[in-house]
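One structure is given here, and the rest of the page talks about it.
Since the model is a prediction, treat every value here as computed from it, not as a measurement. The figures that follow rest on heavy atoms only: side chains count, while hydrogens, waters and symmetry mates do not.
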There are 2 protein chains.
Amino acid sequence: MSQARERGIPDATVARLPLYLRALNGLAERGTATVSSEDLAVAAGVNSAKLRKDLSHLGSYGTRGVGYDVQYLIYQISRELGLTQDWAVAIVGVGNLGRALANYGGFVSRGFRVAALFDADTSVVGERLVGMPVEHIDELEDVIRTRDISIVVIATPAAAAQPVADRVIASGITSILNFAPVVLNVPDGVDVRKVDLSTELQILAFHEQRKADRESGSPIMAENLAEAMDA
Amino acid sequence: MSQARERGIPDATVARLPLYLRALNGLAERGTATVSSEDLAVAAGVNSAKLRKDLSHLGSYGTRGVGYDVQYLIYQISRELGLTQDWAVAIVGVGNLGRALANYGGFVSRGFRVAALFDADTSVVGERLVGMPVEHIDELEDVIRTRDISIVVIATPAAAAQPVADRVIASGITSILNFAPVVLNVPDGVDVRKVDLSTELQILAFHEQRKADRESGSPIMAENLAEAMDA
DNA sequence: CGCACTTTGTGCATGTCTTCACAAAGGGAT
DNA sequence: ATCCCTTTGTGAAGACATGCACAAAGTGCG
Ligand SMILES: NC(=O)c1ccc[n+]([C@@H]2O[C@H](COP(=O)([O-])OP(=O)(O)OC[C@H]3O[C@@H](n4cnc5c(N)ncnc54)[C@H](O)[C@@H]3O)[C@@H](O)[C@H]2O)c1
Ligand SMILES: NC(=O)c1ccc[n+]([C@@H]2O[C@H](COP(=O)([O-])OP(=O)(O)OC[C@H]3O[C@@H](n4cnc5c(N)ncnc54)[C@H](O)[C@@H]3O)[C@@H](O)[C@H]2O)c1
């Protein structure tokens, strides 16, 4: 029989589940009741065999000859990702980025709730955003414990990120989303994910350069398409 | 002999080069002249064998018994990533997030330059940010061509992202960084990278839940729960 | 020069992820 | 009840990525 329930969903699969969930929510909004792996794969922009294998890790939730029940699959993926419960998130660093994040409605909708905002700058502390006061970073430990925060978003300048991480970890946090451009040093058992704008741009630049090299360097592929457009 | 110069650096390696570059810049600022793969690996938070293999794809730039020359390696990685040239970036969608990105000094510093800002909202158009006026989305095609934009950042609401992508691609853009929570449909030859806050949070929630399960409950309970729903 | 020491670059084994391809399973028509 | 059509779930192969372990290459000292 299936050993899907054995603990151990591959990381690559976990990283795609949110993608499937989003595609499924789109289908649900349009009133679709069932969907085949082929159609869902197109909506999520992946290969259908990969999608089926990914879903098979959660269990056997499809019906052969029919497809997947959209609502049921939404529920199963949500449960697997832990979205059937509410997660209290704190944002540390209420600058340009921290403000944008706090004002962002998109992630509050599904399972996540901004429960605290912190900053070190006394001219920012006390300011209200989305019905919540910015609190002083000195309150960090207390608030994390009393408000049952489980995920911390770091949006401070690079230099402050490691000290902030050390403090939140000392307060029992084991999940951090880091926007500061530094490699955080954390003990085992703490998960850090990072969002790094400049890394993404650099990767794009690498490929962009390669495309440019190929056009001007290889005689076989030479297409003066770009020049035709300029004229 | 080494076939490192053969075109084809693994994607996984390309994704780590920016990380190494950042670590090297940190060392350079502190005046370090040479660094061993071991030390650099620690600074970048990776395994040293992996780092050496990654660097070997660029060429043989180290000295056995000594290590890597920091400045030289910075130059080589920068060149490989295409950072020795200037990339003109446009930001489409000047809302909460677009503003934070435009104001962000961090990526202007290294090879990237914000060369245009676009929005569809006429109450935003004309506003000045970082010494640059927000232009109307109707100008998109003209500006992309005349200002030699090569990378476009999409920070519009989800619904606008695909139409915007279609237009920038029609204008010749082949590199897009997408912040909107949608899968963009693009032709071959166009690179899209996405930054997705809610995906990251969901991945953290998954692991957080797993940690909680392991602590409190026996894994058997989870299995019975799933079966209860099947009935 | 020769020797001890350091550190790179890489062959190889191992592990993880992707993709193909198809048997097995279900639905519906006759 | 049988047949045909669709679609899942997965074994197996291939592609890709990681990490060990060490020979080769360099430094510097006596
Ligand atoms: N703005 C962007 O688009 C963007 C993009 C990518 C990365 N980042 C990174 O995100 C981080 C924040 O960027 P930003 O543009 O919002 O910067 P910012 O300077 O506008 O905001 C940083 C905020 O952190 C606060 N802060 C400083 N030290 C603190 C501490 N110890 N504890 C709590 N708060 C503290 C500051 O008072 C300030 O309000 C930076 O590390 C930046 O590199 C920003
Ligand atoms: N704010 C965040 O922290 C955050 C985080 C993750 C993802 N996102 C995503 O980033 C995107 C932008 O978020 P935001 O908070 O800045 O939203 P926002 O509503 O504040 O800003 C969107 C801007 O895009 C403009 N716009 C709309 N249609 C346009 C079009 N066709 N062409 C050009 N401009 C157009 C709007 O006028 C507005 O100024 C959204 O897709 C959001 O889901 C935001």
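In this structure, the NE2 atom of A:His57 is 12 Å from the P atom of C:dT16, given to the nearest Å. If you take CD of B:Glu38 and C1' of C:dT8, they are 12 Å apart, rounded to a whole angstrom. Between A:Asn47 atom CG and D:dA13 atom C1' there is a gap of 15 Å when expressed in whole angstrom units. One atom, CD of A:Gln76, and another, C1' of D:dT8, lie 16 Å apart when rounded to the nearest Å. To the nearest angstrom, P of D:dC20 lies 11 Å from NZ of B:Lys50. We find that CG of A:Leu51 is positioned 9 Å from P of D:dT8, with the value rounded to whole Å. Rounded to a whole Å, the CG atom of A:Leu58 is 13 Å from the C1' atom of D:dG9. The CG atom of B:Asp54 sits 7 Å away from the P atom of D:dT18 (whole-angstrom rounding).
Remark: aromatic rings of A:Tyr61 and A:Tyr68 are distant, center separation not under 6.0 Å.
For A:Arg52, the listed nucleotide lying nearest its side chain is D:dT8; candidates were C:dT19, D:dG19, D:dT8. Closest to the side chain of B:Ala49, out of D:dT18, C:dC17, D:dC20, is D:dC20. The side chain of A:Tyr68 approaches D:dT8 more closely than any other nucleotide in the set C:dT10, C:dA21, D:dT8. Of the listed nucleotides (C:dT8, D:dT7, D:dG26), C:dT8 has the atom at the smallest distance from the side chain of B:Ser36. For B:Lys53, whose side chain is taken as the heavy atoms from C-beta onward, the closest listed nucleotide among C:dC20, D:dT27, C:dT10 is C:dT10. Checking C:dT8, C:dG9, C:dT18 against the side-chain heavy atoms of B:Ser37 singles out C:dT8 as nearest.
Atom-to-atom distance recorded for A:Leu177:CG and A:Phe112:CZ is 10.0 Å, nearest 0.5 angstrom.
Within 3.5 Å, a donor on the side chain of A:Arg64 pairs with an acceptor on the base of D:dT8, or the reverse.
When every heavy atom of B:His207 is checked against every heavy atom of A:Asp11, the shortest pair comes out as CE1-OD1, 4.1 Å.
Side-chain atoms of A:Arg52 and A:Ser37 include a donor-acceptor pair closer than 3.5 Å.
When each of B:Thr13 and A:Leu55 is assigned the nucleotide of DNA chain D with its nearest heavy atom, A:Leu55 is the one assigned upstream, toward the 5' end. Mapping B:Val35 and A:Ala12 onto DNA chain C by nearest heavy atom places B:Val35 closer to the 5' end of the strand.
Side-chain N/O atoms of B:Ser60 include one lying less than 4.0 angstrom from OP1 or OP2 on C:dG9.
Summarising the local packing, NZ of A:Lys194 is surrounded by 12 or fewer heavy atoms from other residues, nucleotides or ligands at distances under 6.0 Å.
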